[in-house]
Amino acid sequence: MKIRKVAVFTGTRAEYGLLYWLLKDIQADPELALQLLVTGMHLSPEFGQTYHQIEADGFTIDEKVEILLSSDSAVGTAKSMGLGVLGFADALDRLKPDMLVILGDRFEALAVAQTAMILRIPILHLHGGEITEGAYDDAIRHAITKLSYLHATSTEEHRQRVIQLGETPSRVFNVGAIGLDHLKRSSFMSKDALSQSLGLSLKKPYFLVTYHPVTLGSEDPILSFQVLLDALNRFPDHQIIMTYPNADEGGRKIIPMIENFAASQSERVIAIPSLGQIRYLSGVKYAAVVIGNSSSGIIEVPSFDVPTVNIGVRQKGRLAAKSVLQAEVNQDSIVKVIQLAITRGYKLPNEKIFNPYGQGDSSQRIIKLIKSFNFDPCKSFYDIKMKS
């Protein structure tokens, strides 16, 4: 029996958290050999060196590729991608995987995807077909789709969009959102344990806040984030757990603002570079509201029956549950929507929120795809027949 070598790529804390159970299932399968390729924010002291958490979870990191520059500009991001292609070429040549798994839409992922395509390594892409019109991640996601051979989407709507992009239907599968596997398979922290872990007594209702810079459009990251901070100050009876942004263009400008905000109100605000997936989801579980513009607020949070206040255009176009409430980037709008979220006025008293992203059984479905595929490097473009 030939054991298939499956390389899995991760460049951020959030992406790794979503991939956790898939990594565990690949690791445990006697027909598969896990290879872990780690890069980006994981290796950066500025963003918490989260590769230590990967190792603490029992995984061996097969390749570390340094790509992040100490820059907060579009040029710096483009240069990081160039460094990535150079490093990923050597890493993938050493690993020689039978398949590379990539989740999502970040610039690091595009760099490794184009490298794998040139090296004729088939790519399994997770979460293709989604739309986020406020970030260049949107174009990156669709580009990775065209570089990939197999596709595991989070909804049927997204599956149809991948097919619309010219991918053959027999290679496109709706498996649900992989991050929801935590709901069935992970043990969350108690509120007391979470409080102790954070070093903040969570005696009052609290907000969990994650805000990333908008990489397309006209939202200035500093001005937009200051508007959010001013809105949060209008809820003095709520505590705040605030996480750092991703390493996107403009993200480093936000970090000092987070740190200063927390330092000025240390009795009710705490800033954490990275919570880790279980601590983050535990934080979601007990939160009054999740606030910001992270995809997690749309994909995972509704399954906890916790409302999300999504701010601005970063996630514009993404399919969302009823509990995801949209706010404009101005103080009055954010305050009004937070108040609606707190009162749960967006739903009936006993109404159960439906999450369109699945039921938490994605990993094993993906394992079946990995074990059953046969790779043909000559990928045909699938034309959708026009109605006459």
Side-chain angles (χ1 to χ4, degrees), residues 2-12 15-16 19 22-23 26-27 29 31-43 51 54 59-69 77-129 136-137 139-153 162 165-168 170-173 366-367 369-382:
K2 183 180 183 297
I3 295 177
R4 285 189 165 175
K5 295 185 292 182
V6 182
V8 180
F9 171 85
T10 178
T12 74
E15 167 197 66
Y16 165 71
L19 289 165
L22 178 61
L23 295 174
I26 295 172
Q27 188 181 55
D29 196 303
E31 298 177 30
L32 303 175
L34 175 65
Q35 298 175 322
L36 204 48
L37 176 56
V38 173
T39 188
M41 292 171 62
H42 286 306
L43 308 181
Y51 77 88
I54 296 174
F59 299 112
T60 298
I61 297 174
D62 297 276
E63 293 283 348
K64 294 178 184 175
V65 178
E66 293 273 8
I67 70 167
L68 276 181
L69 298 170
T77 299
K79 287 182 177 180
S80 290
M81 293 175 68
L83 289 175
V85 171
L86 292 172
F88 299 143
D90 289 334
L92 290 173
D93 186 54
R94 286 188 292 267
L95 294 174
K96 293 181 169 56
D98 297 303
M99 170 174 279
L100 174 65
V101 178
I102 299 174
L103 187 152
D105 47 33
R106 288 185 52 78
F107 66 87
E108 308 97 330
L110 178 58
V112 78
Q114 62 186 11
T115 306
M117 184 271 294
I118 294 296
L119 295 179
R120 295 177 177 81
I121 298 168
I123 297 169
L124 168 57
H125 185 212
L126 311 183
H127 279 269
Y136 50 49
D137 298 357
I140 289 173
R141 185 186 310 107
H142 301 327
I144 294 174
T145 288
K146 296 311 301 177
L147 295 168
S148 300
Y149 187 75
L150 278 178
H151 309 273
T153 69
V162 169
L165 286 166
E167 297 301 292
T168 301
S170 62
R171 293 187 282 102
V172 188
F173 301 86
I366 294 169
I367 292 291
L369 295 182
I370 293 172
K371 293 166 73 170
S372 64
F373 89 101
N374 293 302
F375 177 55
D376 180 355
C378 297
K379 190 177 76 168
S380 299
F381 191 96
Y382 180 79

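Judged by distance alone, with hydrogens and angles left aside, the side-chain atoms of Tyr149 form no donor-acceptor pair with the main-chain N or O of Leu124 at under 3.5 Å. Side-chain atoms of Lys146 come within 3.5 Å of backbone atoms of Leu165 as a donor-acceptor pair (strictly under, hydrogens ignored). The backbone N or O of Ile366 lies less than 3.5 Å from no partner atom in the side chain of Lys371, so there is not a single donor-acceptor pair. The closest donor-acceptor contact from the side chain of Lys5 to the backbone of Leu95 lies under 3.5 Å.
For the pair Ile102 and Val112, the minimum side-chain heavy-atom distance is below 4.5 Å. Using a 4.5 Å cut-off on side-chain heavy atoms (C-beta onward), Leu126 and Leu19 make contact. Under the 4.5 Å side-chain criterion, counting only non-hydrogen atoms from C-beta, Pro97 is in contact with Ile121. Residues Thr145 and His151 are in side-chain contact: their nearest non-hydrogen atoms beyond the backbone lie under 4.5 Å apart. Side-chain contact check for Leu22 versus Ile26: some heavy-atom pair is nearer than 4.5 Å. With contacts defined as side-chain heavy-atom distances shorter than 4.5 Å, the pair Glu108/Phe9 qualifies. Side-chain contact between Ile123 and Val101 is absent, with no heavy atoms from C-beta onward closer than 4.5 Å. In this structure the side chain of Phe59 reaches within 4.5 angstrom of the side chain of Leu23, judged on heavy atoms.
In this structure, Val8 and Leu36 approach most closely via the heavy-atom pair O-CD1, 3.6 Å. Taking every heavy atom of both residues into account, Val65 and Gly87 meet most closely at CG1-CA, 3.7 Å. Pairing each heavy atom of Leu147 with each of Met117, the nearest pair is CD2-CE, 3.7 Å. The shortest heavy-atom contact between Ile144 and Ser148 is O-OG, 2.7 Å. Across all their heavy atoms, Ala33 and Ile3 have their closest contact at N-CG2, 3.7 Å. Counting all heavy atoms, side chain and backbone alike, Thr12 lies closest to His42 at O-NE2, 3.0 Å.
Leu68 contributes atom CG, which lies 7.0 Å from atom OG1 of Thr39 (distance to the nearest 0.5 angstrom). Separation of atoms CG (Asp98) and CD (Gln35) is listed at 8.0 Å; rounding is to 0.5 Å. Taking CZ from Arg106 and OG1 from Thr77, the interatomic distance works out to 8.5 Å, rounded to the nearest 0.5 Å. Distance check, rounded to the nearest 0.5 Å: CZ of Arg171 to OG of Ser380 gives 7.5 Å. Rounded to the nearest 0.5 Å, atoms CG (Leu369) and CE (Met99) are 8.0 Å apart. In this structure, the separation between OG on Ser372 and CG on Leu150 is 7.5 Å, given to the nearest 0.5 Å.
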Q: Evaluate the criterion side-chain hydrogen bond (donor to acceptor under 3.5 Å, both in side chains) for residue pair Thr10 and Glu15; output intermediate values, then yes/no.
A: CA-CA 6 Å; Thr10 178; Glu15 167 197 66; 2.9 Å; yes
Q | Pair Leu83-Glu66, side chain to side chain contact (heavy atoms under 4.5 Å, CB included): steps then yes or no | A | CA-CA 8 Å; Leu83 289 175; Glu66 293 273 8; over 6 Å; no
Q: Take Arg94 and Glu63, measure what salt bridge (Lys or Arg N to Asp or Glu O under 4.0 Å) needs, and give me the verdict at the end.
A: CA-CA 9 Å; Arg94 286 188 292 267; Glu63 293 283 348; 2.9 Å; yes
Q: Under the side chain to side chain contact (heavy atoms under 4.5 Å, CB included) rule, what do Thr60 and Leu34 come out as? Steps first, then yes or no, please.
A: CA-CA 9 Å; Thr60 298; Leu34 175 65; over 6 Å; no
(Q) One pair to check against salt bridge (Lys or Arg N to Asp or Glu O under 4.0 Å): Lys2 and Glu31. What are the steps and the verdict? (A) CA-CA 7 Å; Lys2 183 180 183 297; Glu31 298 177 30; over 6 Å; no
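With sequence neighbours excluded, the residues forming a salt bridge (Lys or Arg N to Asp or Glu O under 4.0 Å) with Lys96 are Asp93, listed by chain and number. The salt bridge (Lys or Arg N to Asp or Glu O under 4.0 Å) check on Lys79 picks up nothing, with sequence neighbours excluded.
Aromatic rings from Tyr51 and Tyr16 are positioned such that their centres are separated by 6.0 Å or more.
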